[in-house]
Amino acid sequence: MSKVFKKASRNGNISLYLGKRDFVDTVDSMEVVDGVLKVDPANLRGRKVFVHLICAFRYGSEDLDVMGMSCRKDIWVSRVQVYPPLGGNPPNTKIQDALMKKVGEQGHPFSFQMPTNLPCSVSFQPGPSDAGKACGVDFEVKGYVANQADNPDEVIDRKDTCRLIIRKIQFAPKDNKAGPKQDITKQFMMTDKPVHLEASLEKELYYHGEPITVNVKINNETSKVVKKIKISVEQSSSVVLYSSDTYAKTICSEEFGETINANSTFEKNFQVSPLLANNKEKRGIAVDGRLKYEDTNLASTTLTKCEKEMQGIIVSYKVKVNLMVSSGGLLGGLTSSDVTAELPLILMSQKPADFTSEGSEDQRRKINSLTENREHK
């Protein structure tokens, strides 16, 4: 463990320690969220100390919270009492052992096992003139002093709380399958033969920043002329809360001046590179959740195997290949038409070479059993 993340309450009664802030969802399983809370019992006055982990969707300004209006929806909540200790905790992870050596006898380990049907940390990029925290999904680990774990009538003093934002992330799977392919045949008015378009990707999955290779094959059997080829990448973000709303944004678009004359064929590979750097001013682009002062990238494709509906933000991508076809002659572009093919794209971050997952499968099962008993949805 090369770094320790710490946050203390204003009065110093409790301090939160984490060995990392990125926790990985492998689709099949979820990393254990583990840490240590340091508790000074001298000023608790008979109260208890708890830690909760919350997955929430924020959809409004933080100013509304001050006015008493809720601007967030809790998607998943789990709480655990750390002081006085209740016993029955699973064995410490390696990270917790290292943190306990640093914290000392006042340290109390805690662990959470998140379900795999939770969304990843994703937010919507604000516009250049927007202020305040961006809308999106975030995860919060919070320590607090209270008489009860979840009493809506109890007012918890901010001086008795400490919190850290963590991220739930996914890395690209090791296996990369063959890319998708689509064949489109379109026949136009006043013609007896069609235009054939075959578009395909070299592979199913691409890493952020990697050029995407698109193979385009055209068989133009008509008397019309294909004036140019347009290739774009579209990001779709589905916000699933009380209802489901989908927002589509074009994050990359390039036109290629290739001319395919009547009764001719064409084949060529094109490359496009969707980058957040080229969309910095565009409001509403979904980006991977960021920690303070850290850079980020376009949101990764959401992968899931869960039958239960996932709430939050679900991200997907597709590549669109568009042929701009005109009849030529005196009418020119007035009689132009389009032929379009769409290809699903998986866009994700590559797993770092030095990444290791903490916690054995046996530990995950034990923590999962404890979490199920105390979680509140």
Q) Which atoms form the tightest heavy-atom contact between Asn43 and Asn13, and what is the distance? A) ND2-OD1, 3.5 Å
**Q.** Selection residues 311-326 - residue pairs positive for salt bridge (charged side-chain N to carboxylate O under 4.0 Å, His left out), sequence neighbours left out
**A.** Glu234-Lys318, Glu234-Lys320, Lys318-Glu342
Q | Partners meeting side chain to side chain contact (heavy atoms under 4.5 Å, CB included) with Ala262 (sequence neighbours left out) | A | none
Q.
Using side-chain heavy atoms (C-beta onward) and a distance below 4.5 Å, is Val51 in contact with Arg79?
A. no
Q | Atom pair CH2 (Trp76) and CG (Leu118), whose distance is rounded to the nearest 0.5 Å | A | 6.5 Å
**Q.** Flag side-chain contact, heavy atom, 4.5 Å: Leu241 against Phe57
**A.** yes
Q: Go through the steps for Tyr83 and Ile14 under the test side chain to side chain contact (heavy atoms under 4.5 Å, CB included), then give the verdict.
A: CA-CA 11 Å; Tyr83 186 87; Ile14 56 175; over 6 Å; no
Q.
In this structure, would Val122 and Met348 fall into the same cluster of hydrophobic residues linked by side-chain contacts under 4.5 Å?
A. no
Q) Are any of the side-chain heavy atoms of Ile314 and Val240 separated by less than 4.5 Å? A) yes
Q: For Ser9 and Asp160, test the side chains for any donor-to-acceptor distance below 3.5 angstrom and give the result as yes or no.
A: no
**Q.** Donor-acceptor contact present, side-chain Lys228 to main-chain Val325, <3.5 Å
**A.** no
Q.
Nearest 0.5 angstrom please: Leu298 CG to Asn279 CG, how far?
A. 6.5 Å
Q: With rounding to the nearest 0.5 Å, note down the distance linking CG in Leu275 to SG in Cys252.
A: 7.5 Å
Q) Which residues pass the side chain to side chain contact (heavy atoms under 4.5 Å, CB included) test with Ser349, sequence neighbours left out? A) Phe171, His208, Asp288, Asn297, Ser300
Q: Return yes if a side-chain donor-acceptor contact under 3.5 Å exists between Ser29 and Thr26, otherwise no.
A: yes
Q) Closest heavy-atom contact between Gly312 and Pro119? A) CA-CG, 4.0 Å
(Q) Assigning hydrophobic clusters by single linkage (Ile, Leu, Val, Met, Phe, Trp, Tyr; side-chain heavy-atom cutoff under 4.5 Å), is Val321 placed with Ile212? (A) yes
Q.
Under 4.0 Å between a side-chain nitrogen and a carboxylate oxygen: does that hold for Lys230 and Glu254?
A. no
**Q.** 4.5 Å side-chain heavy-atom contact, Ile166 and Leu18
**A.** yes
Q) Without hydrogens or angle criteria, can the side chains of Asn215 and Asn269 be said to hold a donor-acceptor pair below 3.5 Å? A) yes
**Q.** Whether over 12 other heavy atoms sit under 6.0 Å from Glu105 CD
**A.** no
Q: Answer yes if the side chains of Asp34 and Gln96 hold a donor-acceptor pair under 3.5 Å, and no otherwise.
A: no
Q: For residues Val145 and Ile156, determine if any side-chain heavy atom of one lies less than 4.5 Å from a side-chain heavy atom of the other.
A: no
Q: Report the residue from Arg21, Lys20, Arg167 that forms a salt bridge (charged side-chain N to carboxylate O under 4.0 Å, His left out) with Glu31.
A: Lys20
Q. Quick check: does any side chain N or O of Glu140 sit under 3.5 Å from a backbone N or O of Leu53, one acting as donor and the other as acceptor?
A. no
Q.
Would the distance check show the side chain of Gln170 and the main-chain N or O of Leu303 forming a donor-acceptor pair, the cut-off being under 3.5 Å?
A. yes
Q | Working for side-chain hydrogen bond (donor to acceptor under 3.5 Å, both in side chains), residues Asn220 and Thr222 | A | CA-CA 6 Å; Asn220 183 11; Thr222 71; 2.7 Å; yes
Q. Is there side-chain contact between Ser238 and Asp245, with heavy atoms separated by less than 4.5 Å?
A. no
Q.
Going by side chain to side chain contact (heavy atoms under 4.5 Å, CB included), name the residues that satisfy it together with Pro194, two or more places apart in sequence or in a different chain.
A. Thr185, Gln187, His196, Glu221
**Q.** Contact summary for Leu343 and Ala199, nearest pair of heavy atoms
**A.** CD2-O, 3.5 Å
Q) Roughly how far, to the nearest 0.5 Å, is the CZ atom of Phe124 from the OH atom of Tyr247? A) 7.0 Å
(Q) Can you tell me how far apart CD (Gln235) and CD1 (Ile285) are? Round to the nearest 0.5 Å. (A) 5.0 Å
Q | Candidate pair Asn92 and Met100, rule side chain to side chain contact (heavy atoms under 4.5 Å, CB included), full reasoning | A | CA-CA 9 Å; Asn92 287 352; Met100 287 296 290; 4.3 Å; yes
**Q.** Test side chain to side chain contact (heavy atoms under 4.5 Å, CB included) applied to Asn176 - qualifying residues, sequence neighbours left out
**A.** Lys203, Glu204, Leu205
Q: Would you mind listing every ring pair (Phe, Tyr, Trp, His ring centres under 6.0 Å) that reaches into residues 250-282, with sequence neighbours excluded?
A: Phe256-Phe270
Q.
Has Lys224 got a side-chain atom pairing as donor or acceptor with Val195's backbone, closer than 3.5 angstrom?
A. no
Q.
Would you say that Asn147 contacts Glu154 through its side chain, given a criterion of any heavy-atom pair below 4.5 Å between the two side chains?
A. yes
Q. Looking at Lys177 and Asp175, does any basic side-chain N land under 4.0 Å from a carboxylate oxygen?
A. no
Q) Could you walk me through whether Asp183 and Leu197 pass the side chain to side chain contact (heavy atoms under 4.5 Å, CB included) check? A) CA-CA 6 Å; Asp183 295 299; Leu197 167 62; over 6 Å; no
Q: With the side chain counted from C-beta on, respond yes when Tyr17 and Val103 share a heavy-atom pair under 4.5 Å apart, and no when they do not.
A: yes
Q) Can you tell me if Lys142 uses its side chain to pair, donor with acceptor, with the backbone of Leu164 under 3.5 Å? A) no
Q.
What's the separation between atom CZ in Phe23 and atom OG in Ser121, rounded to the nearest 0.5 Å?
A. 10.5 Å
Q) With ring centroids as reference points, do His52 and Phe112 lie under 6.0 angstrom apart? A) no
(Q) Using every non-hydrogen atom in the two residues, find where Asn261 and Thr259 come nearest and quote the distance to one decimal. (A) OD1-CG2, 3.6 Å
Q | Cluster overlap Tyr144 with Ile54, hydrophobic side-chain contacts below 4.5 Å | A | no
Q. Is it true that Val137 and Leu276 fall in one hydrophobic cluster, defined by side-chain heavy atoms closer than 4.5 Å?
A. yes
Q) Does a sphere of radius 6.0 Å around NZ in Lys280 hold more than 12 heavy atoms from other residues, nucleotides or ligands, not counting ones at 6.0 Å or beyond? A) yes
Q: Write down the atom of Glu281, the atom of Gln125, and the distance for their closest heavy-atom approach.
A: N-NE2, 4.4 Å
Q) Around Lys186, counting heavy atoms of other residues, nucleotides and ligands shown, do more than 12 lie under 6.0 Å from its NZ? A) yes
Q.
Keeping Asn11 on the side-chain end and Lys159 on the backbone end, is there a donor-acceptor pair under 3.5 Å?
A. yes
Q) Minimum heavy-atom separation for Val315 to Ala299, with atom names? A) CG2-CB, 3.9 Å
Q. Val27, Met310: one ILVMFWY side-chain cluster at the under-4.5 Å cut-off?
A. no
Q: Check the pair Ile75, Gln311 against side chain to side chain contact (heavy atoms under 4.5 Å, CB included), reporting the backbone distance first and the verdict last.
A: CA-CA 7 Å; Ile75 298 172; Gln311 288 189 304; 3.9 Å; yes
